[in-house]
J.: 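There's a structure below that I have some questions on.
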Amino acid sequence: MRLAARPVGEVKPDDWQHGSVPVDEPGPGRFAGRTLVISLDPAMRGWLDDRPSYLPPVGIGEVMRAGSVIEVTASNHPDFRPGDHVVGVFGVQEYVVSDGRGAMKIDTSLAPPSTYLGALGMPGMTAYFGLLDVGALKDGETVVVSGAAGAVGSIAGQIAKAKGCRVVGIAGGPQKCALLTDELGFDAAIDYRAEDVRKALRRQAPDGIDVYFDNVGGDILDAALTRLAMHARVVVCGAISQYNNTTPVKGPSNYLSLLVRRARMEGFVVFDYAERYAQAAQDISAWIGAGRIKVKEHVVRGSVDDFPETLRMLFRGENVGKLVLELA
């Protein structure tokens with residue numbers, strides 16, 4: 001799946017080019033593999049725009065960037081053998097030839113391949129470092145998470161609960177809100193589609209928000225800023241409500257709350273914590289094993305041709321938990 005045109009607003013089917021080429025044999029120091037599962041993430045939308053960011057944009061005509069898990073089928077690389085399962089940024093394609101840079105072997109007897117793209121992958125790492133390092137979470141605080149039923153938000157909220165915090169999730173629709181409270185252990189959930197978020201936050205966080213983990217930006221961020229506790233931390237993880245804008249990004253009009261409440265607002269990119277991924281994965285695995293984190297995955301089974309429509313699910317709010325495309 002190659003990028004055919006820079007999207008304007010929502011990504012459309014004709015922004016993509018479906019193609020086929022022969023699979024190369026792996027040369028010295030390289031291995032080949034068959035793709036099993038492809039990760040779909042809100043950040044993908046930002047990678048399609050030709051503007052400065054933490055990664056270069058996907059080029060026109062290039063294979064779409066994506067994390068995936070592959071099974072090695074042939075190898076001339078000393079560290080990878082046929083039958084190995086490997087996670088890496090291999091792109092949206094059925095077959096891969098790689099030199100192994102950025103690739104890591106995984107043990108699928110411990111967790112399914114999809115989990116290495118979710119709770120034990122970038123979303124899990126993002127939730128962990130965003131909450132514990134950037135958010136400087138302390139036991140017993142009040143934490144509010146937007147996009148709480150998504151891949152990152154669902155893990156962030158559960159980590160906060162494991163740390164003894166009161167956790168309020170913001171999500172869209174009664175099904176997602178029920179998931180948060182009934183299955184994932186959140187203390188409360190706010191349905192932004194059916195409630196006045198500012199009033200609901202006043203009810204659910206009467207003493208203020210100590211850590212706000214923001215995945216959506218826009219009006220919900222603005223509402224959360226009005227409820228900050230003294231010395232609160234606002235973690236800017238993402239802004240999915242703004243990614244398809246054809247007008248300028250909506251900034252927070254209530255930012256002076258940061259001054260009044262002596263709070264701070266900080267963005268981060270998870271790649272900056274790469275040297276500590278192993279420790280984070282160990283902690284998250286322990287929480288999963290103890291039943292303190294429940295893994296939620298939304299698996300779409302199909303082919304590479306299903307990637308464009310599956311990606312659109314993210315921006316329609318149709319996924320619950322981590323969204324992946326499993327190749328049949």
Side-chain angles (χ1 to χ4, degrees), residues 42-43 123-172 176-177 180-181 184-193 195-243 249-270 272-273 317:
M125 302 298 107
T126 300
Y128 182 96
F129 292 110
L131 194 62
L132 302 183
D133 279 54
V134 183
L137 184 70
K138 302 179 184 68
D139 290 359
E141 292 190 313
T142 295
V143 178
V144 174
V145 182
S146 63
V152 174
S154 61
I155 299 297
Q158 291 182 87
I159 291 175
K161 282 302 298 180
K163 290 289 187 178
C165 295
R166 172 173 171 78
V167 182
V168 179
I170 304 175
K176 289 184 178 181
C177 288
L180 297 179
T181 55
L184 302 187
F186 284 55
D187 295 286
I190 297 170
D191 183 352
Y192 73 85
R193 294 178 179 170
E195 301 179 71
D196 182 308
V197 174
R198 189 175 302 194
K199 290 181 180 177
L201 285 172
R202 195 157 50 236
R203 183 174 68 252
Q204 298 296 351
D207 297 322
I209 301 167
D210 296 299
V211 178
Y212 175 56
F213 195 107
D214 186 35
N215 291 302
V216 303
D219 292 335
I220 293 177
L221 168 60
D222 239 356
L225 288 175
T226 68
R227 295 301 306 156
L228 298 182
M230 287 292 287
H231 305 294
R233 287 82 68 201
V234 178
V235 180
V236 182
C237 177
I240 194 169
S241 73
Q242 305 295 298
Y243 291 161
V249 168
K250 181 183 185 299
S253 60
N254 292 322
Y255 80 96
L256 284 178
S257 295
L258 299 169
L259 183 156
V260 174
R261 309 309 290 175
R262 288 74 148 180
R264 65 175 171 85
M265 183 171 176
E266 183 177 350
F268 75 105
V269 175
V270 71
D272 295 341
Y273 298 88

J.: Of all the heavy-atom pairs spanning Q158 and L184, show the shortest one and how long it is.
T.: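 Looks like CG-O, 3.6 Å.
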
J.: Does Y192 have any ring pair (Phe, Tyr, Trp, His ring centres under 6.0 Å) partners at least two apart in sequence or in another chain, and if so, which?
T.: none

J.: Flag the pair V197 / D219 as yes when at least one side-chain heavy-atom distance between them is below 4.5 Å, and no otherwise.
T.: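 No. Closest side-chain heavy atoms not under 4.5 Å.
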
J.: Charged N to carboxylate O under 4.0 angstrom, K161 versus D187?
T.: yes

J.: Please report the interatomic distance CD(Q242) to CG(L221), rounded to the nearest 0.5 Å.
T.: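 These two atoms lie 9.0 Å from each other.
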
J.: Is the shortest heavy-atom distance from the side chain of L132 to the side chain of K163 under 4.5 Å?
T.: yes

J.: Is any side-chain heavy atom of R233 less than 4.5 Å from a side-chain heavy atom of V134?
T.: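 The answer is no, as the side chains (C-beta and beyond) never meet within the 4.5 Å cut-off.
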
J.: Quick check: does any side chain N or O of R261 sit under 3.5 Å from a backbone N or O of L259, one acting as donor and the other as acceptor?
T.: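 Checked: no pair found.
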
J.: Within this structure, what is the OH-CD1 distance for the pair Y128 and I159, rounded to the nearest 0.5 Å?
T.: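 Spacing of OH (Y128) from CD1 (I159) equals 7.5 Å.
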
J.: Counting N and O atoms only, with roles assigned by atom type, does the side chain of R227 sit under 3.5 Å from a partner on the main chain of A205, one being a donor and the other an acceptor?
T.: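 Confirmed, R227 side chain pairs with A205 backbone.
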
J.: Which heavy-atom pair separates D196 from K199 by the least distance, and what is that distance?
T.: OD1-N, 3.0 Å

J.: Is there a donor-acceptor contact under 3.5 Å from the side chain of E195 to the main chain of D191?
T.: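 Here the side-chain-to-backbone pair exists.
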
J.: Any side-chain heavy atom of L258 sitting closer than 4.5 Å to one from L225?
T.: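 In short, these two side chains touch, coming nearer than 4.5 Å.
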
J.: Is there a donor-acceptor contact under 3.5 Å linking the side chains of S253 and D222?
T.: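 Per modelled atom types, S253 and D222 side chains form a pair under 3.5 Å.
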
J.: Is there a side-chain contact between I220 and S241 (heavy atoms, below 4.5 Å)?
T.: no

J.: Given side chain to side chain contact (heavy atoms under 4.5 Å, CB included), test L228 with M265 step by step and report yes or no.
T.: CA-CA 11 Å; L228 298 182; M265 183 171 176; over 6 Å; no

J.: If you round to the nearest 0.5 Å, how far is CG of D139 from SG of C165?
T.: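 Nearest 0.5 Å value for the SG-CG distance: 6.0 Å.
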
J.: Taking I170's backbone N and O only, do any of them form a donor-acceptor pair with S146's side chain (distance below 3.5 Å, no angle check)?
T.: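 Not a single qualifying donor-acceptor pair exists.
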
J.: Side chain to side chain contact (heavy atoms under 4.5 Å, CB included) between L131 and V143: does it pass, once the steps are laid out?
T.: CA-CA 9 Å; L131 194 62; V143 178; 4.2 Å; yes

J.: Verify, without hydrogens or angle tests, whether D210 (side chain) and T142 (backbone) share a donor-acceptor contact under 3.5 angstrom.
T.: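 A pair under 3.5 Å: yes.
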
J.: Counting only N and O atoms by type, is there a donor-acceptor contact under 3.5 Å from the side chain of R166 to the main-chain atoms of A188?
T.: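 Not at all, since once roles are kept as given, no pair shorter than 3.5 Å links the two residues.
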
J.: Indicate the atoms forming the closest heavy-atom contact of I209 with A224, along with that distance.
T.: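 For I209 versus A224, the nearest heavy atoms are CD1-O, 3.9 Å.
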
J.: Of the non-hydrogen atoms in A171 and L180, which two are nearest, and what is the gap between them?
T.: CB-CD1, 4.0 Å

J.: For a quick test of reading the model, state the closest non-hydrogen atom pair linking V152 to C237 and the distance between them.
T.: CG1-SG, 4.1 Å

J.: Can you confirm whether P123 sits close enough to I155 that some side-chain heavy atom of one is under 4.5 Å from a side-chain heavy atom of the other?
T.: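 Not in contact.
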
J.: Name the orientation class of the two ring planes belonging to F268 and F213 (parallel below 30°, tilted from 30 to 60°, perpendicular beyond 60°).
T.: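 F268 and F213: perpendicular rings.
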
